[in-house]
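Let me begin by presenting the structure, written as structure tokens, before commenting on it.
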There are 2 protein chains.
Amino acid sequence: MGWGNFTFRKMGEKVVISLADCFQGYHFLNPTSIDRLEQISEKLICKRNSVLIRQDKIQKDIYFLASGLARVYYETADRQITLDFVSPGGTLISMNSYVHDTPGYENIDLLEDSIVYKIDQKQLFSLYESDIAIANWGRKMAELEFIKAEQRTMSKLFNTAQERYAELLEKYPQYIQRIKLGYIASYLGVSQVTLSRIRANIP
Amino acid sequence: MGWGNFTFRKMGEKVVISLADCFQGYHFLNPTSIDRLEQISEKLICKRNSVLIRQDKIQKDIYFLASGLARVYYETADRQITLDFVSPGGTLISMNSYVHDTPGYENIDLLEDSIVYKIDQKQLFSLYESDIAIANWGRKMAELEFIKAEQRTMSKLFNTAQERYAELLEKYPQYIQRIKLGYIASYLGVSQVTLSRIRANIP
DNA sequence: TAAAATTTTTAACATTTGTTAAAATTATTC
DNA sequence: GAATAATTTTAACAAATGTTAAAAATTTTA
């Protein structure tokens with residue numbers, strides 16, 4: 001859900017969102033609980049093209065994207081399908097891995113130089129058991145991520161690739177130029193050739 | 001996820017799952033907390049074709065399906081797309097409505113005579129604030145529903161309509177005959193004509 | 001049980017989209 | 001900045017699926 005109602009600043013041209021704002025994006029949290037979450041977080045400075053999550057590896061931890069851009073995708077032997085692009089303030093998570101401690105479905109790469117905060121799953125789970133505010137915050141996180149995923153599904157089911165491309169252009173005007181067309185095409189659910197036809201404006 | 005590891009009985013030919021087992025399907029719960037949840041639940045006996053949830057109405061409550069079969073679908077002016085079929089032990093919820101108290105996306109109808117348990121959202125939310133076990137159970141519910149939705153998305157992205165039809169036949173052998181082909185076709189993401197061709201075995 | 005209504009299959013055709021491959025453009029590297 | 005590599009566009013064709021409409025089959029109703 002991008003940078004909705006966050007208090008953010010610019011550094012050069014880069015949007016940077018604080019970790020506390022990433023947390024509060026899901027649900028109000030009292031300062032004590034924020035502090036507990038911050039204590040199990042680690043700040044990482046990552047280069048463009050860094051790999052955060054691989055589908056064949058267990059990746060239980062959660063990442064919050066403070067700045068930059070990420071791509072989430074599924075992969076099989078013969079195909080790669082982009083599920084989502086995530087902008088600052090968003091969360092990078094392989095839900096299946098996070099919940100079940102087994103390899104999940106998603107791969108997540110960073111498309112730009114980025115700042116991410118990594119939260120240790122084991123310590124987070126133990127906070128869930130002891131701090132009811134954090135337990136409810138974690139519930140909200142799952143609920144809101146569900147709704148976001150549902151909105152993506154709805155959009156894919158009911159909107160044309162052309163309409164969804166226009167949406168993307170509006171949502172990520174500053175990034176879209178630097179994202180490979182193949183990634184965008186698989187996000188839209190069409191071949192790269194079809195996306196080229198869309199861009200060439202053959203209605 | 002159907003009737004995985006539940007202790008169920010048959011009544012005539014009907015699978016019936018207890019409310020406590022519906023709860024425990026998500027996460028272990030202690031007897032006290034189960035009791036608290038049961039106290040805010042209401043049992044409903046519903047006829048085939050009953051409407052549980054409408055996308056234009058606020059439907060904050062959650063339903064657990066003890067027996068019968070439900071269909072979840074999205075609808076626009078010109079199209080109706082089936083998202084999921086839910087069998088006993090499953091949960092019927094419009095997540096957006098449940099979380100945001102506004103009309104959600106899904107319509108949910110019962111395709112068979114069914115028994116459902118309705119949980120009052122307001123009372124559930126107040127249990128979330130006072131009972132940390134229930135808060136974590138609610139978190140698990142959202143997380144696992146997310147994963148189920150993700151699996152459906154994966155299946156739709158990577159499997160052919162033919163493969164998915166075979167999966168359906170395997171998962172709901174006893175129901176599939178009574179479900180309209182139009183519903184199944186829209187679940188598979190193809191036209192009804194194409195589904196007829198699949199059934200006629202034109203490979 | 002016959003008639004009506006609903007659902008499913010089949011047919012014919014048009015359209016869209018994918019595939020492969022080559023040309024054009026843009027970006028990267030030395 | 002020239003040469004190389006990577007990416008994007010265009011073209012030509014084939015194949016799959018949607019659309020419309022009618023026929024067949026099944027279910028419901030009177």
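Model, not experiment: these values are computed from the prediction.
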Discussion item. Quick test of your reading of the model: are A:K171 and A:E167 salt-bridged, counting only N-O distances below 4.0 Å?
Written reply: no
Discussion item. List the residues meeting side-chain contact (heavy atoms from CB on, under 4.5 Å) with A:L169, not counting sequence neighbours, and say none if there are none.
Written reply: A:Y165, A:I176
Worksheet item: Rounded to whole angstrom units, what separation is found between the OH atom of A:Y165 and the C1' atom of D:dT8?
Response: 11 Å
Worksheet item: Do A:Y105 and A:S97 get their side chains close enough for a donor-acceptor pair, meaning under 3.5 Å?
Response: no
Discussion item. Under 4.0 Å between a side-chain nitrogen and a carboxylate oxygen: does that hold for A:E145 and A:K148?
Written reply: yes
Worksheet, complete the sentence: Across all chains, not counting sequence neighbours, the side-chain contact (heavy atoms from CB on, under 4.5 Å) partners of A:Q121 are A:K60, A:D61, A:Y98, A:D101, A:F125
Discussion item. Walk me through whether A:D109 and A:R54 qualify under salt bridge (charged side-chain N to carboxylate O under 4.0 Å, His left out).
Written reply: CA-CA 9 Å; A:D109 293 359; A:R54 271 290 105 102; 2.6 Å; yes
Item to complete: Check whether any side-chain heavy atom of A:S114 sits under 4.5 Å from a side-chain heavy atom of A:L65, and report yes or no.
Response: yes
Discussion item. By the side chain to side chain donor-acceptor pair (under 3.5 Å) test, which pairs, at least two apart or in different chains, include something from residues 184-193 of chain A?
Written reply: A:T82-A:S186, A:S191-A:T194
Item to complete: Scan for salt bridge (Lys or Arg N to Asp or Glu O under 4.0 Å) pairs involving residues 172-184 of chain B, sequence neighbours excluded, and state none if there are none.
Response: B:E112-B:R178
Item to complete: Round to a whole Å and report the spacing from CZ of B:R199 to P of C:dT7.
Response: 14 Å
Discussion item. From CG of B:L181 over to C1' of C:dT9, roughly how many Å is that when rounded to an integer?
Written reply: 9 Å
Item to complete: Would you kindly give the CD1-to-C1' distance between A:I176 and D:dT8, to the nearest whole Å?
Response: 15 Å
Under-3.5 Å N/O pairs linking protein and nucleotides 18-23 of chain D:
unit_1, atom_1, unit_2, atom_2, d
D:dG18, OP1, B:S191, N, 3.3
D:dG18, OP2, B:S191, N, 3.2
D:dG18, OP2, B:S191, OG, 2.9
D:dG18, OP2, B:T194, OG1, 2.2
D:dG18, N7, B:R197, NH2, 2.9

Item to complete: State the pairing partner of C:dA27; accept Watson-Crick or G-U wobble contacts with both distances under 3.5 Å, and report none otherwise.
Response: D:dT4
Item to complete: Quickly work out the A:I198 CD1 to D:dT8 C1' distance and round it to whole Å.
Response: 14 Å
Worksheet item: Atom CD of B:Q177 to atom P of C:dT7: distance rounded to whole Å?
Response: 17 Å
Item to complete: Sugar-phosphate means primed atoms, P, OP1 and OP2; the rest is base. With that split, encode nucleotides 24-29 of chain C 5' to 3' as B, S or - using protein heavy atoms under 4.0 Å.
Response: ------
Item to complete: Check the distance between D:dT8's C1' and A:I179's CD1 and give it to me in whole angstrom.
Response: 16 Å
Fill in: Atom-to-atom span, OH of A:Y183 to C1' of D:dT8 - whole angstrom
15 Å
